[in-house]
Amino acid sequence: MKKIEINIQDYPFGTKKPEMIKTLTGKRLDEITLDSVRSGEITENDIRISPETLLLQAEVAEKSKRKFLGKSFRRAAELCNMPDEKIMEIYNLLRPFRCTKQELNRIADELEQSYNAVLNAELVREACAAYEERGFLKK
Amino acid sequence: MSKRSKRYEYYETLEVNKDTFIHEIPEIGLKTMSGPDDPKPSIRIVDGRIVEMDNKPDQEFDLIDKFIAKYAIDPDMAEEAMAVDSLEFARKIIDINVPRSEIVRFTAGMTPAKLVEIVSYLNPVEIMMAVQKMRTRKTPANQAHVCNRKDDPALLAADAAVAALTGFDEIETTVGVSRHALSTALGILIGSQIGRQGVLTQCSVEELLELSIGMRGFTTYAETLSVYGTEKVFQYGDDSPWSKMFLTSAYLSRGIKNRFTSGSGSEALMGEAEGKSMLYLEARCIAIIRGAGCQGVQNGGIDCVYISSALPSGHYVTMAENLIAMLWDLECASGCDGIWSGSKTRNAAHMLPWIITGTDYIHSGFGATSIMDNMFGGAGFNVQDLDDEIAIQRDFKVDATLKSLTEEEHIQVRSKAARAIQILCEELDLPRYTDEQIEKVIYAHSSDDIDRNMNDNIRMSEEIIKNNITLVDLLSAFLKAGENEIAEQLLGFIKQRIAGDYLQTAAIFKKGMKCLSAVNDNNDYAGPGTGYRLGKERWEEIKDIRQAISPDDLIKAQSLEENSKGALEMVLEEVDIVSKENKLYEVVIGISPAFGKALNKTLSDLYVGDVIYEILAGIEEEGINARIIRVENSTDLGMIGSIASKLSGSGVAIGIQSKGTTVIQHKDLPPLDNLELFSIAPLLTLDKYRKIGKNAALYAKGKCPSTVPVSWNDEMLVFRTRAFPKVVMLQQVEEESVDPEKGCTELKAHFNRRR
């Protein structure tokens, strides 16, 4: 797991350390201005949170002794670059009785291989194991 | 019973007795605490893995047990935490010498049954004390519902702007028709940012649709990720703890803050409570939320609050479940959103504890529109209760985060918000608003007052999807229209979406986009003088409600011009003192120093000229002569009556103060005794004053009339409550008019008839 050194005193970064924040497309926060919006340089992805920022927030959560929330931020970081439709598809397939064991494992593999989403793959595999034991898989 | 008690027949007419109260039915989950099948707390750990939890071995774990055991309980802490004596720990929760951080270090290793056992030791006052210390964020906040029956975006924007300016930190909407979702979300986003930059917004719709709205940038939080306490009900909800766990991270990946929703009673409602108590099942829900890695929960009855309200200790359990969420270090939006009861008294009692202690969100939410426009099916407190809550925070000197707006401020912010939507529609070629329609929105109370065609709203949502309009497009549109101030506000908000600071536990934005969360505003309550305290500036704001009157307002309301607008105007002419010699048949009316001068209105809102006119008429009816004297050197009613009686040929006098308090006095009685006393001025009507005059005349004739009856009803007593606070200020004016050098002045009343 990637560790970033942060100082909890720098939170909230948006006002205290804006230079630490980059958008999903790698723009700095101070590049997001009325002028850059006016000239059409800013697109939808330029205003999205980046995996790096989510990992920063994961560190904040963990430093504040909230390790479960920290892990959620880490899973979120893996999902940043995943298309909206793919996210919605996976969420739907995680609902009860949607998938067989093979199908869930295939999703986990895809998460790992196509998106490097290791933690999310782990989540799907653990769901699969629990669903199997409790009979929540597609028959 | 053949013969009914009139008292019991009366009881039946009361709202509280139209409420439904039911006896406990533990086997189907209709019991708030200590269900027949609630487990005893236990834990067994082998090789860092939980193999027994709450008296159940892992082979018997259902889906929820598996999830909780795997994700929600810290195995490193579990054995130590579970070994703690529950009563001892309950005491630590309210011990000011044990910091919050120490409590949550232990709860991290506790099971649902353990926390239920612990909170069961606390009574409601102790739960309130615990909440003051255990809520995650030090500064309290509040949440509003803003919706309307027509899903009209300009009206949503106007109402959201007002809610934001009033002080709500989160605004939640939902729709009548799901196809309106995008235009609705857009309405509250724009309105809220115009009202107060940084207010977080949510559009509560089906989960996938909600996620897609958030991804477009139109919302910043979500809270309808529902979880349930039994496996069966979870299955009915077509979800699993794992699908929800994925969803919470998915929201975070788009910069959307989220919290889950639970609340006791849902399992009983679905017929799958497994013989467990409501509190135990709710504790399981909260454990799932914690394990899923979500920062917070909305609980405390919520959609099933009606079940709690019918059961014994129903309110206790809603308080206890909020506390469990806090003990597990989660942000808690503490409910207070449903209608608890048809009785206003019970309903207000339901809201009161959290208004006083403050929570992460006191209401979740407060219906900030007319109740018929609240598409969540109404809320417990709605716009008709807003001034009540603002007054309650002033009464208790607590912070419910609200402030009183003047009518001008209200209209101004609505105008700005509604026009912003009009501009957007023009710039983005969405169905337009006419100026007349916007005018109606600005001045509207409810959606009945506006007249835009609802099909325009559906078309608006369709266009947003078709043209893939996002937050950036909204910003560009405002820039193109030259609306730089709004654009600037939105830009500041967008930057916060990128930084994601508000994704941390219990985050809100206060003035100047200051992000406050459990990270940088952690609750450090440690007894008196610590934790959240009202600052001087904020207290001034709370005190300054628009309805409050100052002495100047009161004095103006007492002026002759303000009060002699009716048929009569009384002029009191000073004349020489008339001797009482040989005037056996007279009554003297003694008035107070400021009567008819600086003070012209009694506490029953009567013009003093009308009062004197009626008294004189009553005396005259009995063929008796009347004189008026002003007692210049005393404001005391006993003294005024006594002095007047000594100047009366018959020995009978009426004493009256400007506020209307009246006495019938006889010269032979001591000042503190009297023939009749009318001490509750607000209850006196003109009719009564006439009778007082008549009775005084009868006494003067040596008769013994029956006393003037003074009766009251609820309405009159409320009137008295409202009138009395003015007494102190009126008395001050009377005192200032006293001239100790002067004795009495003889007066003659003239009445000018105006019509």
Closest contact, heavy atoms only, A:G14 versus B:A499 | CA-CB, 3.7 Å
Can a salt bridge be assigned to the pair A:R98 and B:D238 using a cut-off of 4.0 Å between side-chain N and carboxylate O?
-> yes
Note, B:E207 side chain near A:Y91 side chain (heavy atom, < 4.5 Å) | yes
Interatomic distance, NZ@B:K495 vs OG1@A:T23, rounded to 0.5 Å, equals 12.0 Å
With chain A, the option among B:A72, B:G255, B:G237 that has the most non-hydrogen atom pairs under 4.5 Å is B:A72
Does any heavy atom of chain B fall under 4.5 Å from the side chain of A:A61, the backbone, both, or neither of them?
-> both
With a 4.5 angstrom heavy-atom cut-off, could you sort out which part of A:N92 is near chain B: side chain, backbone, both or neither?
-> side chain
Close side-chain approach of B:S240 and A:F136, heavy atoms under 4.5 Å = no
Engaged part of A:K67 at the chain B interface, taking heavy atoms whose separation is under 4.5 Å | side chain
What do the steps show when you test B:V519 against A:K63 for side chain to side chain contact (heavy atoms under 4.5 Å, CB included), and what is the final call?
-> CA-CA 9 Å; B:V519 176; A:K63 276 220 156 80; over 6 Å; no
Within a radius of less than 6.0 Å around NZ of B:K56, do more than 12 heavy atoms belonging to other residues, nucleotides or ligands occur?
-> yes
Chain B contact via A:R66 - which portion, at a heavy-atom distance below 4.5 Å | side chain
Specify the closest pair of heavy atoms between B:I498 and A:D46, including all atoms of both residues, with the distance to one decimal.
-> CD1-O, 3.8 Å
Considering only heavy atoms, which portion of A:L94 lies under 4.5 Å from any heavy atom of chain B: side chain, backbone, both, or neither?
-> both
Below 4.5 Å, heavy atoms only, C-beta onward: do A:L123 and B:M245 meet side chain to side chain?
-> yes
Name the option with the most non-hydrogen atom pairs under 4.5 Å to chain A; the candidates are B:E488, B:K480, B:K514.
-> B:E488
Side chain to side chain donor-acceptor pair (under 3.5 Å) filter on A:R134, not counting sequence neighbours, yields B:E231
Measure distances from A:T53 to the heavy atoms of chain B and classify the residue's part below 4.5 Å as side chain, backbone, both or neither.
-> side chain
Separation between CD (B:Q504) and CZ (A:F73), nearest 0.5 Å, reads 4.0 Å
Hey, what do you get for OG (B:S253) to CZ (A:R48), rounding to the nearest 0.5 Å?
-> 6.5 Å
Pairs touching residues 469-524 of chain B that satisfy ring pair (Phe, Tyr, Trp, His ring centres under 6.0 Å), sequence neighbours left out | B:Y502-B:F509
Scored by heavy-atom pairs under 4.5 Å with chain A, the best of B:V104, B:V472, B:N484, B:N522 is B:V472
Taking a cut-off of under 4.5 angstrom between non-hydrogen atoms, the residues of residues 25-34 of chain A near chain B are A:L29, A:I32, A:T33, A:L34
Tell me, for B:F234 versus chain A, whether the close heavy atoms (under 4.5 Å) come from the side chain, the backbone, both or neither.
-> neither
Find the distance between OG (A:S72) and CZ (B:F246) and round it off to the nearest 0.5 Å.
-> 11.0 Å
For the candidates A:N81, A:V60, A:I42, which exhibits the highest count of non-hydrogen atom pairs separated by less than 4.5 Å from chain B?
-> A:V60
Contact origin within A:E126 toward chain B - heavy atom pairs under 4.5 Å = both
Check B:I494 against A:I47 and note the closest heavy-atom contact, atom names and distance.
-> CG2-CG2, 3.4 Å
Evaluate salt bridge (Lys or Arg N to Asp or Glu O under 4.0 Å) for A:K65 paired with B:D329, printing each intermediate quantity in order.
-> CA-CA 10 Å; A:K65 302 199 174 74; B:D329 199 23; over 6 Å; no
Is the shortest heavy-atom distance from the side chain of A:Y131 to the side chain of B:K66 under 4.5 Å?
-> no
Would you say B:M215 and A:M88 make side-chain contact, with heavy atoms under 4.5 Å?
-> yes
Structural part of A:L93 lying under 4.5 Å from a heavy atom of chain B | neither
If every non-hydrogen atom of A:V37 is compared with every non-hydrogen atom of B:S476, which pair is closest and at what distance?
-> CG1-OG, 3.6 Å
Is any side-chain N of the basic residue among A:D84 and B:R254 closer than 4.0 Å to the acidic one's carboxylate O?
-> yes
A:I49 side chain near B:R497 side chain, heavy-atom distance below 4.5 Å = no
Name the member of B:K70, B:R216, B:Q295, B:K244 that forms the most heavy-atom pairs with chain A at distances under 4.5 Å.
-> B:K70
Mind listing the closest non-hydrogen atom pair of B:S249 and A:A76 along with its distance?
-> O-CB, 3.2 Å
Option in B:L471, B:L503, B:T248, B:N468 with maximal non-hydrogen atom pairs under 4.5 Å from chain A = B:L503
Separation of B:I73 CD1 from A:F68 CZ (nearest 0.5 Å) | 8.5 Å
Indicate whether any N or O donor in one side chain lies under 3.5 Å from an N or O acceptor in the other, for A:Q57 and B:D501.
-> yes
Are any non-hydrogen side-chain atoms of A:F97 and B:Q235 less than 4.5 angstrom apart?
-> yes
Could you check which of B:D473, B:T505, B:L490, B:L516 has the highest count of heavy-atom pairs closer than 4.5 Å to chain A?
-> B:T505
Validation row: A:V124, B:W242 side chains within 4.5 angstrom (heavy atoms) | no
Separation between CG of B:L211 and CD1 of A:I87, rounded to the nearest 0.5 Å = 7.0 Å
By side chain to side chain donor-acceptor pair (under 3.5 Å), A:E44 pairs with (sequence neighbours left out) none
